[in-house]
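Protein chains get the first letters and strands the later ones, always in sequence-line order, with residue 1 at the start of each. Since the structure is predicted, the reported quantities are computational estimates derived from the model, not experimental observations.
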Protein chains: 2
Amino acid sequence: MIISDNLKIYVQKLRSSNLRPTKQRLKICQFLFDREKTFHFTVETLNKKINKNGASKVSLATIYNTVEAFTSAGYLKEILTSKNKSYYDTNIKSHHHFYDEGSKELTDIHYSQIQLSKVPIPPKGKKIKNLEVVIRIQK
Amino acid sequence: MIISDNLKIYVQKLRSSNLRPTKQRLKICQFLFDREKTFHFTVETLNKKINKNGASKVSLATIYNTVEAFTSAGYLKEILTSKNKSYYDTNIKSHHHFYDEGSKELTDIHYSQIQLSKVPIPPKGKKIKNLEVVIRIQK
DNA sequence: TTCCAGTTTAGAATTATTATAAACTAGAAA
DNA sequence: TTTCTAGTTTATAATAATTCTAAACTGGAA
Ligand SMILES: [Mn+2]
Ligand SMILES: [Mn+2]
Ligand SMILES: [Zn+2]
Ligand SMILES: [Zn+2]
């Protein structure tokens, strides 16, 4: 079901995340990366979608492990915005978000849409790891 | 142990949060608000400190309930920065933070220390609820 | 083809948080 | 003051997200 060009890319992504290309992991890759547009998800939604139509099942543990490995390797971005649940993003370019507190959905804000004209210097010996803004919105 | 001036303030804070001034809640107030400087905490650290030296105990449920009520009433600010735990701030003025991923500690950034010279318009029918920046730092 | 380190998986464990329900109490009213 | 009751406290159970475990399974090197 995976066209061979993409297969190579997925195998490469897995290998460089220190993961062997198994059929479960390739199924996850296909769902995450075989798309025109990037998207946001939680482990809960990913698990439901991956295991929707019968065929073979992928365990929740494998989904957690793979998402975690891809996040460490930089193929997914984790977005901390919600009290009890982690969100992930297949858009790994640095960018900002709206977070709708009603629908609990994230929307991308292109990096150039926010300009920080003044940023403080971090404490001695510390470096800025990440400066992405989450703007909370509601009705 | 609570000087009477502060007592009045605490009773007022509790009443306006729709809470009766009980001795457990006053103990929490004293710990949170009887200080020169504001500070950041988690429910876990607050519970430990409140119940450190013997005397009378305050249950974890009461701590959760009181913190939640003060947050809704605007006497505490909740800061979502960590995957599995909520942080709270007794500094309720709008301001930004450094979050140290090593020590897991928050540091205030005065509101004027960050200047956003360009901010996107929220989607139709939505308003910006909050625009406070968390800058992740590490060694 | 063999073989084993790496993998998958179901289920248990952990952690933060929220809910429950019985015993207690603040404070209004008698 | 005493009574009375709605609100409160508390221990404990329940829930939800996440992480761990250990036994069965398999990718791929040799
Ligand atoms: Mn939680
Ligand atoms: Mn959790
Ligand atoms: Zn995004
Ligand atoms: Zn602060």
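Rounding to whole angstrom units, CG of residue A/Leu46 and C1' of D/dT18 are separated by 15 Å. At whole-Å resolution of the value, CG in A/Asn51 and C1' in C/dT8 are 13 Å apart. For the pair B/Glu44 CD and C/dT14 P, the computed distance is 16 Å after rounding to whole Å. We find that CD1 of B/Ile28 is positioned 11 Å from C1' of D/dT9, with the value rounded to whole Å. A straight line from CD of A/Glu78 to P of D/dT18 spans 9 Å, rounded to a whole angstrom. Rounded to whole Å, atom C1' of C/dT17 lies 13 Å from atom CG of B/Asn47. Taking atom CZ on B/Arg25 and atom C1' on C/dT25, their separation rounds to 11 Å, with Å as the unit. The distance from atom OH of B/Tyr87 to atom C1' of C/dA16 is 13 Å, rounded to the nearest whole Å.
Comparing C/dT9, D/dT18, C/dT17 against the side chain of A/Val58 picks out C/dT9 as the nearest.
Partners of B/Tyr87 according to the ring-ring contact (aromatic ring centres under 6.0 Å, His included) rule, which considers only residues two or more places apart in sequence or in another chain, are B/Tyr99. In this structure B/Ser112 satisfies the side-chain contact (heavy atoms from CB on, under 4.5 Å) test together with B/His110, sequence neighbours excluded. Annotation: ring-ring contact (aromatic ring centres under 6.0 Å, His included) contacts of A/Tyr88 (sequence neighbours excluded): A/Phe41.
Between A/Ser86 and D/dT18 there is a side-chain N or O to OP1 or OP2 distance below 4.0 Å. Listed pair B/Gln24 / C/dT25 fails the phosphate criterion, with no side-chain N or O lying under 4.0 Å from OP1 or OP2. Note on A/Thr62: a side-chain N or O is less than 4.0 Å away from OP1 or OP2 of C/dT9.
The two residues B/Asn91 and B/Thr38 make their nearest non-hydrogen contact at CB-OG1, 3.4 Å. Smallest separation of non-hydrogen atoms from B/Thr62 and B/Gln24: CG2-CB, 4.2 Å.
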Do any side-chain atoms of residues 69-79 of chain A form donor-acceptor pairs under 3.5 angstrom with protein atoms, and if so which ones, sequence neighbours left out?
{"from": "A/Thr71", "atom 1": "OG1", "to": "A/Val67", "atom 2": "O", "distance (Å)": "2.7"}
{"from": "A/Ser72", "atom 1": "OG", "to": "A/Glu68", "atom 2": "O", "distance (Å)": "3.2"}
{"from": "A/Ser72", "atom 1": "OG", "to": "A/Glu68", "atom 2": "OE2", "distance (Å)": "3.2"}
{"from": "A/Tyr75", "atom 1": "OH", "to": "A/Ser16", "atom 2": "OG", "distance (Å)": "2.7"}
{"from": "A/Lys77", "atom 1": "NZ", "to": "A/Glu132", "atom 2": "OE2", "distance (Å)": "2.9"}
{"from": "A/Glu78", "atom 1": "OE2", "to": "A/Ser86", "atom 2": "OG", "distance (Å)": "2.9"}
{"from": "A/Glu78", "atom 1": "OE2", "to": "B/Lys83", "atom 2": "NZ", "distance (Å)": "2.7"}

What string of B, S and - do you get for nucleotides 19-30 of chain D, 5' to 3', if B is base contact, S is sugar-phosphate-only contact and - is no contact with any protein heavy atom under 4.0 Å?
BB------BS--
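Cation-pi contact between B/Lys126 and A/Phe98: absent, since separation from the ring centre below 6.0 Å together with deviation from the ring axis within 45° is not met.
Direction change of the helix axis from one end of the helix from C/dT1-D/dA30 to C/dA30-D/dT1 to the other is 20°, with five pairs defining each end axis (rounded to 10°).
Across B/Thr45, B/Thr107, B/Asp108, a single residue satisfies side-chain hydrogen bond (donor to acceptor under 3.5 Å, both in side chains) together with B/His40, and that is B/Asp108.
Inter-residue side-chain proximity for A/Asn6 and A/Phe33 is flagged as unmet; no heavy-atom pair is nearer than 4.5 Å.
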